[in-house]
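We count ligands from 1, going down the list as the structure has it; atoms in each ligand are counted the same way.
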Amino acid sequence: MPKIFVTRKIPEAGISKLKSAGYEVEINPADKVLSKDELISYLKKGKYDAALVLLTDKLDADVFQAAGPQCKIFANMAVGFDNADIEAAKKAGIMVSNTPGVLTNTVAEHTFALMLAIAHRVAEADRFTRAGKYHGWEPMMLLGTDLSCKTIGILGLGKIGSRVAYHAVKGFNAKAIYYDVKRDENFERELRATFRATPEEVLREADFVSIHVPLLPATHHLINAERLRMMKPTAYLINTSRGPVIDEKALAEALQNKIIKGAAIDVFENEPAIEPALLKLENIILTPHIASATEATRDKMTELAAENIIAALSGQTPPNLVR
Ligand code: GLV
C-alpha cells in the first residue's frame, strides 16, 4: 500500500481522498512546522511514496534526497511554490505540484477585505470604538477614501490579479491598469484595462496598487524605498502575494513619513516575524497570511493536493505539476 506523509494536520477533505484511493496516510502528530532535520528524519524513516507539504516547509536538495528514490511527488498545498527548489526536485527525480485556481476567489476577496478596510479605516475605527473614544457622530471623524471610480494598479496579472481587477472594474467602476511580463489583450478588452510596460508606470498612476506576483529573484524587493517614492501620497499598497516582494523596513519608513497613505498586507518578509515598526502604525492593516483561509477553500486545496498525488502515483502527469 503506498504511503503518504503529511507534514502537518490539515483539513480532513484531502486526507479522506488519499485514504479512499487506498493509501496509508501518516500525519506529523505535532501541530507545528517541522524543522528541516525533523522533516528529513521523517522522510528517511518512512520511505514514503509521496508527501503532502505546506508553504512553511522549506524543500531543498537535502530534503528531496532524504525522500528516497521511491518518492514520486511533493504536493504543495499552496499556489505559491517558492518554498521548493524545483531544480533540486528535478535532479532527485521528484515532481512538485501546487494548488492554483481553487483559491483564486478567496484570495481576491481577502484582497478586497484589505483594500476596503484600509481605505475606510475599518481596523483603526474598531480600535477607536473599543477604546471608548466614540462620543457621538462627527462630521470630520475618521475620514477615509473611496475605491469607486479610482485607478487600481495590478502588479502581476495571473489568475488572482485578474480576478481582483475584474471585481474592481465591475463592482467599483474603477479603472484598471496593470504590469506583467506578459501582455493579455483579451483581459484588456474585457475590462477596458490598460497595460503599462513597467511597474514604475503603474506605481506612479494608481490610487490602489495590488501585488500578485510570484516570489522570484526578479520580484524580491520589487517594492523598495525608491519605488515607494514613485507612488502618490494618497495611494494605498496591498500585498497578498509573498512578503519578500516588499522591503518591509522601507514600507515602514514610507508609512511613517506619509510617502504613501496606507498599506494592507497579508504576508511578511520574514514570516512569522514582522518588522516591529509596522506594528506601531495606524495606517497599515496586517493579517497573518490568511488570504486563502476559508473553510471551503482550504478543503479544496487539500483535495487538489491529494489529486496531484493520486495522479502521480497512478503514473499520470499531475494536473498541477510545477515545471
Ligand atoms: C498561499 O500563500 C498560497 O500560495 O497558496
Kindly assign one of parallel, tilted or perpendicular to the pair Phe74 and Phe64, based on the angle between their ring planes and the thresholds 30° and 60°.
perpendicular
Just by distance, with hydrogens left out, do Glu109 and His167 show a side-chain donor and acceptor under 3.5 Å apart?
no
Return yes if a side-chain donor-acceptor contact under 3.5 Å exists between Asp266 and Thr287, otherwise no.
yes
Looking only at heavy atoms, which two atoms of Thr111 and Ser210 are closest? And how far apart?
CG2-OG, 3.2 Å
Using the ring pair (Phe, Tyr, Trp, His ring centres under 6.0 Å) criterion, which residues pair with Phe195? Sequence neighbours excluded.
Tyr178
Are Phe172 and Ile238 co-members of a hydrophobic cluster defined by side-chain heavy atoms under 4.5 Å apart?
yes
Write out each pair where an N or O from ligand 1 and one from the protein are under 3.5 Å apart, with the distance.
residue  : atom  : partner : partner atom : Å
ligand 1 : 2 (O) : Arg242  : NH1          : 2.7
ligand 1 : 2 (O) : Arg242  : NH2          : 3.4
ligand 1 : 2 (O) : His289  : NE2          : 2.6
ligand 1 : 4 (O) : Val79   : N            : 3.3
ligand 1 : 4 (O) : Gly80   : N            : 2.8
ligand 1 : 4 (O) : Arg242  : NH1          : 3.4
ligand 1 : 4 (O) : Arg242  : NH2          : 2.7
ligand 1 : 5 (O) : Val79   : N            : 2.8

